Amino acid sequence: MNTREMVENIKEEESKKSLNFIEIIVEEDLKEGKNEGRIQTRFPPEPNGYLHIGHAKAICLDFGIAQNYGGICNLRFDDTNPVKEDVEYVDSIQEDIQWLGFQWKNIYYASDYFQQLWDLAVRFIKEGKAYVDEQSAEDIAKQKGTPTLPGTNSPYRDRSVEENLQLFEKMSAGEIAEGAMVLRAKIDMASSNMHFRDPIMYRIITSHPHHRTGYKWKVYPMYDYAHGQSDYFEGVTHSLCTLEFEVHRPLYNWFIEQFATGNYAPHQTEFNRLNITYMVMSKRKMLRLVQDGLVRGWDDPRMPTICGLRRRGYTPESIHKFIGKIGYTKFDGIIDISLLEHSVREDLNEKAIRVSAVLDPVKLVITNYPEGEFEMMEAVNNPEDDSMGMRQIPFAKELYIEREDFMEDAPKKYFRMTPGQEVRLKSAYIVKCTGCKKDENGNILEVYAEYDPETKSGMPESNRKVKGTIHWVTVQHALPAEVRLYDRLFSIENPGDEKEKDFTELLNPGSLKVITAYVEPWLKGAKTLQNFQFQRIGYFNVDPDSTPDKLVFNRTVALKDSWAKEIKK
RNA sequence: UGUCUCAUGGUGUAAUGGUAGCACUACAGUUUUUGGUACUGUCUGUCUAGGUUCGAAUCCUGGUGAGACAACCA
């Protein structure tokens, strides 16, 4: 293929790649010359919890759009509610975004705009578009009506501008008790959109310090008021958020229209939020898992948090692959978890060193192998990638093999160790099983086999066709390691029951099993969070809990396993 | 008996009036120093009834179904 053809191919590939509906909107805006061809997005988390896989979807979009269309993406903390927020979360959010491989242009805080927002609120009051209400929260809720019934006006709705101004000043000065007054926008209590029924713009919070401004402010702006204005202040062109904010959009626009001048206005577009089968993904529930001690922390490998996934062994690339597969639409669906698991396998298959680890050991004695001797075998690190090289592993007379790799009376389709059958010991010799020793209850104590010295891996005779290959470690050299078998991410068995019952009752109870396994001796020096594939078992990484004396592995995900069914037949 | 939004195989997603395609799952086969990986194949789809059009998944109308909205949360 010549260069021109290659270029044509690439062009063709590019044109085949279909755009999602948001990219189409962006391209159209660009074509129409909106905002002078400027593209600006933001990722606006509230620092009240750790980022999870659902945020990764938003992050990939916010940062991705900016990257692909020559725009910028800022990180903005939506920190307008000091009751729930903390610097701990501010730090973890930054770490996780960077771990995913994204870098914001600027870092902003909604709290940076408190003065600006307050001044603007005063302007709203002066223009008769806002008023101070001193009813209780219950009364305000009652007057709000229901989605099918219009609301009624507050008795304080028609205060004079002067009085409103005075009261708002008092609220802001800390002279009014928390909950006693709020500032509301004066819109339409009969609107068919609940959010237009005089939404609250400011509430008093004096009981909690703000993580950045301390006790300086006594009143804090609400989301609907603060978010759109912040977007406007920053020059955001595309404000991307999830579907549940769809009904907020008219209000988002209304607030901006009240004061915006010129041609520029940010535009909100909503996409479907990420749902994965069985996965617990609400911040509230995740907080409970942490607080109730059901997990070891936000980075517990069963958590769907970014840091949990990282500790579990997920790579940033695997998460990108996953997000790339699910797409952005307006359809509120639920992704099968197998797509996520496939994405990690796909990535780790190319990166993880293959390692022998015996999880449920039974002793195999090579009866014709010299006593007390051992030799080093060369093992391929990764058959998918020669550049990952080879490693040396010891071989000796006494080995551990997987208990399930021996069957005394085997069915036809069983290709592993059974008396009279040849099997290959991975990277070593072909051996022929000769029998086993059992206790009085029929439990297998030892398995016996004879090796063929001509079949050492790499020698011509080793090319002999043998149906089965099994993994092994030597009794003498093998390293015991703690292996944490995480079934799945923390999951609920039956999401349908969620509303009826306490969700902690619905959690998958068997999601963590800790066992001791025997691994290749060189793993003692393995680095934390490094990924391995344990032959035929799954992908594992070295947990940060490991010490020089004790290796700890987490199972990232099991290998796709089709042979259990084969044997049944 | 409100407003907004959505509806393509089991799941997710393309086709932007012109051949319904891709991925996951499931199943079958080929290769293989692990039955993994890789490759090949099979099954399965436009919610419904009308209309516009030479032609509709796509546009229009009516049904049906699903989700969001009634926090001093974001």
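As the structure is a prediction and not an experimental result, all values here were calculated from the model. Just so we're on the same page: letters track the sequence lines, and every chain starts at 1.
- A/Phe415 places its CZ atom 11 Å from the P atom of B/G36, with the value rounded to the nearest Å.
- Here B/A23 is the nucleotide among B/A74, B/A23, B/U5 with the atom lying nearest to any side-chain atom of A/Lys325.
- Put simply, the side chain of A/Thr469 does not reach to within 4.5 Å of the side chain of A/Leu425, judged on heavy atoms.
- Between A/Phe395 and A/Tyr451, the angle of the ring planes lies from 30° to 60°, which puts this pair in the tilted group.
- Between the CG atom in A/Asn275 and the NZ atom in A/Lys57 there is a gap of 8.0 Å [rounded to 0.5 Å].
- Side chain of A/Ser192, nearest nucleotide from B/A70, B/U3, B/U33: B/U3.
- The base of B/U33 lies close enough to the side chain of A/Ser457 for a donor and an acceptor atom to sit less than 3.5 Å apart.
- For A/Lys426 and B/G36, the shortest distance from a side-chain N or O to OP1 or OP2 is not below 4.0 Å.
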List, with names and distances, any nitrogen or oxygen atoms from the protein found under 3.5 Å away from nitrogen or oxygen atoms belonging to nucleotides 56-59 of chain B.
none

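- Counting non-hydrogen atoms under 4.0 angstrom, A/Lys321 reaches nothing in the nucleic acid.
- Aromatic rings from A/Phe540 and A/Phe532 are positioned such that their centres are separated by 6.0 Å or more.
- Across all strands shown, A/Arg354 has heavy atoms under 4.0 Å from base atoms, whether or not it also approaches the sugar-phosphate.
- Contact annotation for A/Ser136: base contact, defined as any heavy-atom pair under 4.0 Å involving a base atom.
- Here B/A74 is the nucleotide among B/C72, B/U13, B/A74 with the atom lying nearest to any side-chain atom of A/Phe245.
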Within the sub-3.5 Å range, which N or O atoms of nucleotides 7-11 of chain B have a protein N or O partner, and how far apart are they?
residue: B/U11; atom: O3'; partner: A/Ile334; partner atom: O; Å: 3.3
residue: B/U11; atom: O2'; partner: A/Ile334; partner atom: O; Å: 3.1

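- The aromatic rings of A/Trp254 and A/Phe124 sit tilted, their planes meeting at an angle between 30° and 60°.
- With distances taken from any side-chain atom of A/Arg203 to the nucleotides B/A74, B/U16, B/U33, the minimum falls on B/A74.
- Nucleic acid contact for A/Lys330: sugar-phosphate only, since backbone atoms but no base atoms lie under 4.0 Å from a heavy atom of the residue.
- Under the rule for a ring pair (Phe, Tyr, Trp, His ring centres under 6.0 Å), A/Tyr131 has no partner lying at least two apart in sequence or in another chain.
- The gap from the C1' atom of B/C43 to that of B/C47 amounts to 22 Å, rounded to the nearest Å.
- Partners of A/Tyr539 by side chain to side chain donor-acceptor pair (under 3.5 Å), not counting sequence neighbours, listed by chain and number: A/Gln533.
- Note: A/Tyr113 and A/Tyr232 fail the aromatic proximity criterion, with ring centroids not under 6.0 Å apart.
- Between the CG atom of A/Asn275 and the P atom of B/G67 there is a distance of 12 Å, given to the nearest Å.
- Distances shorter than 4.0 Å separate none of the side-chain N or O atoms of A/Arg345 from OP1 or OP2 on B/C24.
- Legend: residues meeting salt bridge (charged side-chain N to carboxylate O under 4.0 Å, His left out) with A/Glu378, ordered by chain and number and at least two apart, are absent.
- Of the N and O atoms on the side chains of A/Ser92 and A/Trp298, not one donor lies less than 3.5 Å from an acceptor on the other residue.
- Atom P of B/U58 sits at a distance of 14 Å from the matching atom of B/A20, rounded to the whole Å.
- Nearest nucleotide to the A/Asn20 side chain, out of B/C24, B/A74, B/A14: B/A14.
- Taking the six-membered ring for Trp and thresholds of 30 and 60 degrees, A/Tyr223 and A/Phe245 have ring planes inclined between 30 and 60 degrees apart.
- Residue contacts shown for A/Glu28 are absent, as no nucleic acid heavy atom lies under 4.0 Å away.
- Within 4.0 Å of A/Asn193, counting heavy atoms only, lies no atom of the nucleic acid at all.
- Comparing the C1' positions of B/G10 and B/U1 gives an interatomic distance of 34 Å, to the nearest angstrom.
- Comparing B/U61 with B/A7, their P atoms are spaced 15 Å from each other, to the whole Å.
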Inset, instruction - Report the C-alpha distance between A/Glu46 and A/Lys283 in whole Å, list the side-chain angles of each, state the deciding distance to 0.1 Å, and finish with yes or no for salt bridge (Lys or Arg N to Asp or Glu O under 4.0 Å). - result: CA-CA 11 Å; A/Glu46 183 187 16; A/Lys283 267 191 194 172; 5.3 Å; no
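- Listed nucleotides: B/C69, B/G67, B/G36. Nearest to the side chain of A/Leu559: B/G36.
- In terms of phosphate contacts, A/Thr329 brings a side-chain nitrogen or oxygen within less than 4.0 Å of OP1 or OP2 of B/U13.
- Atoms CD (A/Gln533) and C1' (B/G35) sit 13 Å apart, rounded to a whole Å.
- Residues A/Met459 and A/Gly327 both approach RNA chain B. Their nearest nucleotides, taken by heavy-atom distance, put A/Gly327 toward the 5′ side.
- Residue side chain A/Ser462 reaches the base of B/U33 through a donor-acceptor N/O pair under 3.5 Å, judged by distance alone.
- Between B/C69 and A/His195, no contact under 4.0 Å exists linking OP1 or OP2 to a side-chain N or O.
- Across all strands shown, A/Glu384 has heavy atoms under 4.0 Å from base atoms, whether or not it also approaches the sugar-phosphate.
- Taking atom CG on A/Leu251 and atom P on B/U3, their separation rounds to 19 Å, with Å as the unit.
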Legend entry - Watson-Crick and G-U pairing of RNA chain B, under 3.5 Å, as dot-bracket with | and [ ]: .((((((..((((....[..)))).(((((.......)))))....(((((..]....))))))))))).....
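- The 12-atom threshold is not exceeded at CZ of A/Arg273, counting heavy atoms of other residues, nucleotides or ligands nearer than 6.0 Å.
- Nearest nucleotide to the A/His342 side chain, out of B/A15, B/G35, B/C24: B/C24.
- Checked by atom type and distance alone, the side chain of A/Ser318 never pairs as donor or acceptor with a backbone atom of A/Tyr314 at under 3.5 Å.
- Put simply, CZ on A/Arg76 is 12 Å from C1' on B/A74, counting in whole angstrom units.
- Set against B/A68, B/U37, B/U13, the side chain of A/Glu244 has B/A68 as its closest nucleotide.
- In the set B/C72, B/U33, B/A74, the nucleotide with an atom closest to the side chain of A/Thr80 is B/A74.
- The listed nucleotides are B/G36, B/A74, B/U5; the one nearest the side chain of A/Pro383 is B/G36.
- Within the structure, every side-chain polar atom (N or O) of A/Asn272 is placed at least 4.0 Å from both OP1 and OP2 of B/U5.
- Separating the C1' atom of B/A14 from that of B/C27 is a span of 25 Å, rounded to the nearest Å.
- Look at the P atom in both B/A57 and B/U46: the space between them is 11 Å, to the nearest Å.
- Of the residues near RNA chain B, A/Ala180 and A/Ile326, the one whose nearest nucleotide (by heavy atom distance) lies more toward the 5' end is A/Ile326.
- The shortest distance between side-chain heavy atoms of A/Phe406 and A/Val423 does not fall below 4.5 Å.
- Only the P atoms considered, B/A15 is 12 Å distant from B/C59, to the nearest whole Å.
- Rounded to whole Å, the P atom of B/A56 lies 14 Å from the corresponding atom of B/G50.
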